[in-house]
Amino acid sequence: MDDSIAGIARARIDTVKARESARFSAAHPQSRALAAEAERHFPDGVPLHWMTDWGTPFPLFVAEARGARLTDVDGHSYRDFCLGDTGAMFGHSPDPILRVLADQGGHGLTYMLPTADVPVIGRLLAERFGLPQWQVAATATDANRFALRWARAITGRPRVLVFNGCYHGTVDETFVRLADGRPVHRPGLLGQAVDLTANTAVVEFNDLPALEAALAARDIACVITEPALTNIGMVLPEPGFLDGVQRACRATGTLLLIDETHTISTGPGGWTRAADLEPDFLVVGKAIAGGVPCAVWGFTEAVAAAMKHARAAAGPGHSGMGTTLSANAMALRALRANLERVMTSAAYDHMLAMSARLADGIRTVIAARGLPWHVSSVGARAEFVCAPVPPRNGTEAAAAMHGDLEAAIHLFLMNRGFLIAPFHNMTLTCPATTADDVERLVACVGAACDDLLAGA
Ligand SMILES: Cc1ncc(COP(=O)(O)O)c(C=O)c1O
């Protein structure tokens with residue numbers, strides 16, 4: 001029996017992981033103490049259970065972060081390529097965001113009323129993304145949920161369609177995947193009271209015939225997708241696939257929602273602008289206001305008109321959409337500053353150049369060691385995947401994920417001053433990332449590989 005995972009001996013992965021875990025414990029006494037204290041009132045010592053997903057023996061507690069650097073409470077400094085899993089994609093506390101937060105802080109944070117920033121933001125979003133109408137939500141999860149609800153209201157169709165392996169936030173309708181070709185609830189889902197497979201269709205990414213067949217009955221309100229799947233490793237669209245999705249939607253009166261929350265790493269207008277896509281809805285969250293909780297969702301004039309009609313037809317009452325703090329004054333200030341002064345073409349030029357350098361460097365590391373791994377990129381987002389060829393769909397991507405191997409690599413990197421995303425091997429570069437940061441990370445990935453291969 002071949003007792004290896006993606007070219008690395010299973011026993012060696014366990015050894016490296018245990019050694020790095022012990023090293024982390026010894027080097028982080030303050031984090032350990034804070035976790036123990038917090039555990040009295042927070043399960044596992046964290047205010048959000050995802051914060052325990054880093055593979056560390058206890059959570060890493062942060063003291064501060066700026067630009068591409070993060071410092072923990074034990075005084076260790078990290079070159080940060082995780083960047084809050086995209087929330088800080090433009091660096092921690094960019095100067096323009098810092099300034100507006102300090103300024104707005106003395107003028108009230110939330111009014112449930114618009115401010116003078118609103119017309120400017122509308123113009124900036126329309127110019128950048130090409131959609132004329134917009135709404136603001138507090139998170140990308142909310143934006144996706146609201147847009148899907150509108151899509152059902154407009155079309156009068158009950159169902160939505162997702163691609164296998166997708167993630168669009170904690171949106172109930174999207175927690176469906178394929179198992180042996182059949183839709184099932186995603187494993188691990190808690191407290192799910194209704195059968196999601198009744199109203200959610202799921203097909204493989206890059207499978208246009210399957211999509212066309214699923215849309216043929218014309219009972220799907222909306223297809224929601226990222227332009228490339230980025231939450232199950234990385235699955236890039238094959239040439240013509242996204243155009244085909246768009247065509248199939250149009251042919252069947254199905255609305256198309258493109259979720260650019262991660263793929264905004266592509267460039268200033270996301271993948272949508274770069275590829276001239278024309279979705280009915282577009283969502284961007286996480287980094288859109290420089291790390292302040294905020295998301296935006298845009299739509300066409302036709303959708304806006306249909307929304308008006310649906311609202312009038314529904315009569316008075318609660319729409320089932322919106323949250324009190326959505327579009328608060330602080331978020332609007334940060335959103336405007338980010339669009340005007342942070343998400344610039346110059347910033348992207350630098351981020352993309354750094355990411356390309358990082359991807360090339362890791363490709364060289366992989367090739368030099370003959371590892372059956374590869375690297376995929378979406379602009380400022382690069383990912384090394386411990387499988388020989390890029391996956392075509394969610395099923396192949398899931399098979400290329402190796403939790404223990406990834407955890408061993410993450411711990412090795414963290415103990416040497418580098419953070420990459422805790423989920424798979426995702427890296428992001430921000431405007432403050434330097435060539436030196438990149439060279440050092442590449443060298444450290446090389447050292448991790450050598451360590452994992454030792455004795456092979
Ligand atoms: C593509 C995509 N959409 C939406 C979301 C949800 O973002 P949030 O957790 O900020 O609501 C995520 C989160 O990872 C995401 O990757």
Side-chain angles (χ1 to χ4, degrees), residues 46-51 53-54 82-90 129 135-149 151 160-177 186 188 200 202 205 222-237 242 245 256-266 270-272 277 279 281-298 321-323 325-328 331 334-335 338 376 378-383 394 397-398 401 420-428:
V46 288
L48 169 66
H49 69 268
W50 298 358
M51 292 177 183
D53 285 350
W54 287 74
C82 169
L83 297 169
D85 192 27
T86 308
M89 194 173 95
F90 302 104
F129 295 108
Q135 288 282 273
V136 177
T139 66
T141 296
D142 280 346
N144 281 325
R145 186 165 352 121
F146 302 156
L148 288 180
R149 186 176 272 269
V160 301
L161 183 142
V162 300
F163 289 107
N164 191 34
C166 74
Y167 183 72
H168 297 286
T170 48
V171 179
D172 282 6
E173 294 94 316
T174 61
F175 279 105
V176 176
R177 69 160 195 173
R186 278 182 61 157
T200 302
V202 51
F205 199 71
C222 188
V223 170
I224 174 171
T225 188
E226 294 184 271
L229 301 184
T230 66
N231 283 288
I232 185 146
M234 198 177 270
V235 183
L236 299 177
L242 294 174
V245 170
L256 175 62
L257 188 167
I258 300 272
D259 180 355
E260 291 268 14
T261 297
H262 277 182
T263 50
I264 191 66
S265 59
T266 309
W271 191 303
T272 295
L277 297 177
F281 293 102
L282 181 141
V283 165
V284 196
K286 293 198 183 184
I288 194 71
V292 173
C294 186
V296 296
W297 51 289
M321 287 166 272
T323 64
L325 295 181
S326 293
N328 66 72
L335 174 57
N338 207 45
S376 287
V378 176
R381 176 180 295 265
E383 169 125 13
M401 293 174 78
I420 67 170
F423 317 111
H424 34 106
N425 297 319
M426 195 276 288
T427 64
L428 278 168

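Being a predicted model, the structure only gives us computed values, none of them experimental. In this chain, residues are counted from 1 in sequence order. We count ligands from 1, going down the list as the structure has it; atoms in each ligand are counted the same way.
For Thr266 and Thr263, the side-chain atoms include no donor-acceptor pair closer than 3.5 Å.
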Residues 286-298, side-chain donor-acceptor partners within the protein, below 3.5 Å, at least two apart:
residue, atom, partner, partner atom, Å
Lys286, NZ, Asp85, O, 3.0
Lys286, NZ, His262, NE2, 2.8

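No side-chain heavy atom of Thr230 sits under 4.5 Å from any side-chain heavy atom of Tyr167. Considering only heavy atoms from C-beta on, Asn144 comes within 4.5 Å of Leu257 through its side chain.
Taking a heavy-atom cut-off of under 4.0 Å, ligand 1 is surrounded by Thr139, Ala140, Thr141, Asn144, Tyr167, His168, Gly169, Glu226, Asn231, Asp259, Thr261, His262, Lys286.
With sequence neighbours excluded, no residue forms a side chain to side chain donor-acceptor pair (under 3.5 Å) with Ser265. For Phe90, the ring-ring contact (aromatic ring centres under 6.0 Å, His included) partners are Tyr348, not counting sequence neighbours.
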